[in-house]
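Indexing begins at 1, ligand by ligand and atom by atom, following the structure's order.
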Amino acid sequence: EPKESIVSKFNGSSPLPPCPPTPPGLVGPLRIEFEWIRSMSDVRKASGENLQGGGRYKPLDCISQHKVAIIIPYRNRKDHLKHWLYYLHPILKRQQVDYGVYVINQHGEGTFNRAKLLNVGYVESLKEYAYDCFVFSDVDLVPMDDRNLYRCHGEPRHMASAMDKFGFQMPYTNYFGGVVALSREQYMRINGFPNNYWGWGAEDDDMHKRITLKGMAVSRPDSRVGMYKMVRHLRDTHNEVNPQNPGQLHNTARTMDTDGINSLIYSLIKIEKDELYTMIDVDIHAPN
Ligand code: UDH
């Protein structure tokens, strides 16, 4: 075969190959430091390379098999968000994810509602791109090992299986807090998350209950790969422990088909595109 035709087969017009199942550039255990407040310019320097704006990225040399929206419930945690962005963008790039970062800001001073904000993130991210997987992550949790892959699995996945604040163990058997990953199908099967857990507590247990009630199991990374470091903080105002919340768990089986993504009501205030993230400012109609 003449040389020219071989060259033409491999020139720039050929499509990219799919990314391999296991990303080749992972490094394993990571050193994570929260000792000082980061400047936004340092965060941009460390993590801004090759981003497409709004915190979007896809691998340059292969087609990612994982379209992942990262959804972060948020209000008034800028220092935590900077740590998160500083560490997570480089990790997600090494993991060869086709991803977008969505920070869902609860507008106003009303009682916080983590699960409802996560539902808003699901809806709003899908308006931008055909994501097939959703990682729901607290803003103060950074993985200590990049083999903990931000992608979806055959079962809903609890990714934060070994948090430092719980001595790198599960605090109780069915714990489903911190960072979880659900495919679009898994999320729709449980009608999303509950909208009526105001204040702190039990919404993560409700999420777990929905999964088992629909006959699914939860998968987790082992306790080495599942290690997370949490930014230490005081309890936020307007997110006090709500003693009513645990009682609601008795009703999950009865109410989950009518309370969730199919009953979600909110008012979008604005969408702001930073280089490193998309900020969705939303009024979720908090009770006074
Ligand atoms: N969140 C905010 N702003 C708030 C409240 C919550 O952004 O005002 C988000 C944030 O992503 C946070 C997540 O919701 O990581 C979960 O809320 P949380 O951090 O209050 O829950 P956690 O269980 O902490 O991590 C409980 C209170 C800690 C008190 C510690 C006292 N030693």
- Query: Applying the 4.5 Å side-chain criterion to the ILVMFWY set and letting contacts propagate, would Leu126 and Ile261 be lumped into a single cluster?
  - Reply: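 The answer is yes; both residues are in one hydrophobic cluster.
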- Query: Do Arg147 and Asp222 sit within salt-bridge range, that is, some charged N less than 4.0 Å from a carboxylate O?
  - Reply: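 Salt bridge between Arg147 and Asp222, a charged N being under 4.0 Å from a carboxylate O: no.
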Verify whether one side chain among [X] and [Y] offers a donor that lies under 3.5 Å from an acceptor in the other.
X      : Y      : value
Tyr99  : His89  : yes
His107 : Asp283 : no
Asp140 : Tyr228 : no

- Task: Collect the protein residues that have a non-hydrogen atom under 4.0 Å from ligand 1 and hand them over in chain and number order.
- Result: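 The answer is Pro73, Tyr74, Arg75, Arg77, Phe112, Asp138, Val139, Asp140, Lys165, Trp200, Met230, His233, Arg235, Asp236, Asn239, counting any residue whose heavy atom sits under 4.0 Å from ligand 1.
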- Item | Atom CG of Asn76 with >12 non-hydrogen neighbours under 6.0 angstrom |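 Atom CG in Asn76 is not crowded, with 12 or fewer foreign heavy atoms closer than 6.0 Å.
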